[in-house]
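Structure first, commentary second.
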There are 2 protein chains.
Amino acid sequence: MTQSNSPDPDQAMMVVRPGKWTLIVVRLLREETLRFNELKRYANGVSQKMLTTTLRELERDGFVTRTVFATIPPRVDYTLTALGQELLELADSWRVFAARNRAQVELARQRFDASVGQPAIRLIHSA
Amino acid sequence: MTQSNSPDPDQAMMVVRPGKWTLIVVRLLREETLRFNELKRYANGVSQKMLTTTLRELERDGFVTRTVFATIPPRVDYTLTALGQELLELADSWRVFAARNRAQVELARQRFDASVGQPAIRLIHSA
DNA sequence: CCGCATCCATTTTGATACTG
DNA sequence: CAGTATCAAAATGGATGCGG
């Protein structure tokens, strides 16, 4: 070993383990304040519950601010904080990585599934 | 909206959603080939099941190579591929982000838990 | 409109025992 | 040593109904 191993694997590594929607939401807030339902629309397929959960976590960790307007109907705005901007950069890094390597990863998967994944007796669930 | 929203949120965003140990393992393989039990030792607290799962996934996606030696006792080496090196950079980005902002995030959490966690008017549905 | 609560299904993670 | 199998527990995700 030439490097030091992480003494506290989970927390030390990521501070937070991003949920399924975390980075997506952060990227949607890139340069605009968005309302709850706007986020819900733009993030494709998120449930109300998960969006709420995601936003709460982001707020709790100081990545977004939540502004409530006591109007009728109510309105809640979400904005990235300075800290959130940094998380955004990370999110972009992932996005770039994904975009650049998706094809290669999927190829690797096909190869793997075709060889190792191949049980002695193949599943025959289709024509 | 000034940006386009992701049409395929999950896959498009990350290609893979890293498991709890994925980035840790990748970082351990930074510049050395490691054996299964070495990884198990250096990653703090991983079960052999999760390590196996993590390594299988990394292998499947083309991030690590798995080399089996038919010796007694058996020996299996894991190494980063070129693609894995790129994932390593991403892992390092997370690590740096975490290291630099952990304190701030934890402070934000304390503040949040101290205020929001306590509703102005406590719910009264119990004694 | 925002979002919490509840119930339920699925996924993920982990502890433990066993095998070549 | 390097796994697999099994079982149990916990986290996550979704559907629906209620409430300010």
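Given the structure is predicted, the values throughout are model-derived calculations rather than measurements. Heavy-atom basis, side chains included; hydrogens, waters and symmetry copies ignored. Sequence lines set the chain letters: A, B, ... in the order given, protein chains first and strands last, and positions in each chain run from 1.
dA15(C) atom P lies 11 Å from atom NZ of K49(B), rounded to whole Å. Regarding F36(B), its CZ atom lies at a distance of 8 Å from the P atom of dT4(D), rounded to whole Å. Here the P atom of nucleotide dG3(D) and the CD atom of E57(B) are 15 Å apart, to the nearest Å. Summarising the geometry, the separation between CE on M50(A) and P on dC2(C) is reported as 18 Å, rounded to the nearest angstrom. Between D77(A) atom CG and dC1(C) atom C1' the separation is 12 Å, expressed in whole Å. To the nearest angstrom, P of dG3(D) lies 13 Å from CG of L34(B). For the pair I72(B) CD1 and dA2(D) P, the computed distance is 14 Å after rounding to whole Å. K20(A) places its NZ atom 10 Å from the P atom of dT12(C), with the value rounded to the nearest Å.
Side-chain proximity of T52(B) to the nucleotides dC1(D), dC4(C), dT4(D) is greatest for dT4(D). Considering only side-chain atoms of P73(A), the nucleotide from dC1(C), dT12(C), dG3(C) that sits closest is dC1(C). Ranking dG20(D), dC4(C), dA2(D) by closeness to the P74(A) side chain, first place goes to dG20(D). Side-chain proximity of R56(A) to dA15(C), dT4(D), dC4(C): nearest is dC4(C). Closest to the side chain of R66(B), from the set dA2(D), dC4(C), dG14(C), is dA2(D).
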Show your working on side chain to side chain contact (heavy atoms under 4.5 Å, CB included) between L23(B) and W94(B) and close with a plain yes or no. CA-CA 9 Å; L23(B) 299 187; W94(B) 269 105; 3.9 Å; yes
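Taking 4.0 Å as the cut-off between side-chain N and carboxylate O, R66(B) and D77(B) do not count as a salt-bridged pair.
Proximity of R41(A) to the phosphate of dC1(C): no side-chain N or O atom is located under 4.0 Å from OP1 or OP2. A sub-4.0 Å separation between OP1 or OP2 of dG20(D) and a side-chain N or O of R75(A) is absent. An OP1 or OP2 oxygen of dT11(C) is reached within less than 4.0 angstrom by no side-chain nitrogen or oxygen of R17(B).
In this structure, Y78(A) reaches the sugar-phosphate backbone alone: every heavy-atom distance under 4.0 Å involves primed, P, OP1 or OP2 atoms, never a base.
At a cut-off of 3.5 angstrom, counting only N and O atoms as typed in the model, there is no donor on one side facing an acceptor on the other between the side-chain of Q48(A) and the base of dC2(C).
For the side chain to side chain contact (heavy atoms under 4.5 Å, CB included) with V25(B), the qualifying choice from T54(B), V64(B), V46(B), L80(B) is T54(B), the only one to do so.
Side-chain heavy atoms closer than 4.5 Å link hydrophobic residues (I, L, V, M, F, W, Y) into clusters, and following such links, possibly through other members, connects L39(B) to V68(B).
Side chains of T33(A) and T79(A): a donor on one and an acceptor on the other come within 3.5 Å.
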